[in-house]
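Since the structure comes first, as structure tokens, the remarks are kept for the end.
Heads up: numbering here begins at 1 and tracks the sequence. Start at 1 and go down the list; that is how both ligands and their atoms are numbered.
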Amino acid sequence: MLLTLSDYEAEAQARLTKPVWDFVTGGAGEDGTVRANRRAFDGWRFRPRVGIDVSSIDVSTKLLGCSWQAPIAIAPTALHELCARDGELATAPAAASVGLPFTVSTFGSRTIEELAASCPQAVLWQQVYVFKDRSVTASLVERAHAAGAGAILVTVDSPWLGRRHRDMRGEFAMPPGVIARNLAASTGDDPDIVSPSAHSRRTMDPSLTWRDITWLSGLTDLPVVCKGVQTGEDAVAAREAGAAAVVVSNHGGRQLEGARATLDALPEVVAAVGPDYPVLMDGGVRSGRDVLLALGLGASAVLVGRPVLHGLAVAGTAGVAGVLTTLVEELVDAMGHCGRTTLRAIGHDLVTPTLGARP
Ligand SMILES: Cc1cc2nc3c(=O)[nH]c(=O)nc-3n(C[C@H](O)[C@H](O)[C@H](O)COP(=O)(O)O)c2cc1C
Ligand SMILES: CC(C)CC(=O)C(=O)O
């Protein structure tokens, strides 16, 4: 029975080849930060209130110029065709049916134009990297705008891809026929990403600074969101560079082994930018209760990465819709039991450190 996101994960593992499973699941080094992201959620418990009418619960929100049915979005993950034949073409209708934004990766196996045409109801965001060749980044932004995207997420944690031991040991190579078509539409030819690590060394720009975010913000009227911020200082710098929001993210533990859990970094970031600036987070969110803890610690919304790929591998569109619906239902359930009926009613008083889990 597919009751929880762990059930989808186990079922996905049974369906994917080992190299693809390792690529999706793994992180930098020995996966220490991947585990830290998950464990951080065990460090917090709820302080439920009772005596409050919870017969009607509204988890919808308005953020970055669009309406969301719940404060959850799909994080950008490369090459959905690794997990399902139709790749992102299967993901988009699931996001649309649940009413949540879908961030298309630069390395999407389908172009943003194809996705916008095949699923006009979907709220699509475009993730970009600052490439050494700035014209490729600018083209991704321009195409996203023309395709009707709602926001640009610029990933700022990737001078190159992290040292991912699972992929290095397994000598991961992209299966033949899996093509980063979204990037290809901006470079003009099939980008050679057989080795994602080698490709990142050739193309991603390690000289990226906040000046580049200012440049990027000047290219578009769309909200630009900085993804990969992990400190209060950098959140303030992102805001000053023109970002409309930040995503507290360590790339799902795939970049710097030893980076702290994103849930641990979140309160510092929220304190630095104040309550009126949108702070999103991702990393290790695996239940609606996790979503609620992140909101209690100040997040405006969360993104989920791997669980969407698990849903895709299990049952395509229906699998992704199942994963997203589970998260929303669990969030509503937890809010009711906590005596909270709207997102506005969620504050720091909702959470308390787990006794014995923290110094
Ligand atoms: C297989 C895979 C591919 C990813 N590709 C990208 C990408 O192309 N661009 C990006 O900014 N982040 C990428 N990420 C990171 C996610 O956007 C997100 O930060 C991370 O998956 C969140 O953690 P979670 O998987 O625990 O939810 C990728 C993550 C995974 C697992
Ligand atoms: C295909 C890669 C460039 C994407 C990825 O693995 C990542 O961003 O974590």
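In the displayed structure, Glu171 atom CD is contacted under 6.0 Å by at most 12 heavy atoms of other residues, nucleotides or ligands.
One finds the CD1 atom of Ile346 at 5.0 Å from the CG atom of Leu295 (value rounded to the nearest 0.5 Å).
Counting only heavy atoms of the protein, atom 14 (N) of ligand 1 lies nearest to Pro76 O, 3.2 Å. For atom 1 (C) of ligand 1, the closest non-hydrogen atom on the protein side is Arg254 NH2, 3.5 Å. At the shortest separation from atom 8 (O) of ligand 2 among protein heavy atoms lies His251 NE2, 2.7 Å.
Note: an N/O pair closer than 3.5 Å links Ser105 and ligand 1 by distance alone. Note: no N/O pair closer than 3.5 Å links Leu303 and ligand 1 by distance alone. Residue Ala78 has at least one N or O atom closer than 3.5 Å to an N or O atom of ligand 1. By the 3.5 Å distance cut-off applied to N or O atoms, Tyr129 is counted among the residues near ligand 1. In terms of N/O distances under 3.5 Å, ligand 1 is approached by Gly305.
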| query | Given Asp86 and Arg110, is the salt bridge (charged side-chain N to carboxylate O under 4.0 Å, His left out) satisfied, shown in steps? | reply | CA-CA 9 Å; Asp86 295 334; Arg110 295 292 175 157; 5.1 Å; no

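For ligand 2, the atoms lying closer than 4.0 Å to a non-hydrogen atom of Phe23 are 6 (O). Taking a cut-off of under 4.0 Å to the non-hydrogen atoms of Leu309, the atoms of ligand 1 that pass are 1 (C). Of all the atoms in ligand 2, the ones that sit under 4.0 Å from a non-hydrogen atom of Tyr129 are 8 (O). The distance from ligand 1 to the heavy atoms of Ser249 drops below 4.0 Å at these ligand atoms: 19 (O). Set against the non-hydrogen atoms of Ala78, the atoms of ligand 2 under 4.0 Å away are 1 (C), 4 (C). Atoms of ligand 2 lying under 4.0 Å from any heavy atom of Arg164, numbered from 1 in the order shown and given with element: 5 (C), 6 (O), 7 (C), 9 (O). Residue contact check: Leu161 has heavy atoms under 4.0 Å from atoms 2 (C), 3 (C) of ligand 2. Residue-ligand proximity, Thr155 to ligand 1, at heavy-atom distances under 4.0 Å covers atoms 10 (C), 11 (O). Atom numbering of ligand 1 starts at 1 in the shown order; those under 4.0 Å from a heavy atom of Arg286 are 24 (P), 25 (O), 26 (O), 27 (O). Short contacts between ligand 1 and Gly283, defined as distances under 4.0 Å to a heavy atom of the residue, involve ligand atoms 22 (C), 23 (O), 26 (O).
The hydrophobic cluster containing Leu256 does not contain Met204, counting ILVMFWY residues as joined when their side-chain heavy atoms lie under 4.5 angstrom apart, directly or transitively.
Partner of Arg306 under the side-chain contact (heavy atoms from CB on, under 4.5 Å) criterion, out of Thr77, Val285, Val24: Val24 alone.
With a 4.0 Å heavy-atom cut-off, ligand 1 is reached by the backbone of His251 and by its side chain too.
Heavy atoms of Thr106 come nearer than 4.0 angstrom to ligand 1 in no pair at all.
For the pair Arg286 and Phe41, the cation-pi criterion (under 6.0 Å, within 45° of the ring axis) is not fulfilled.
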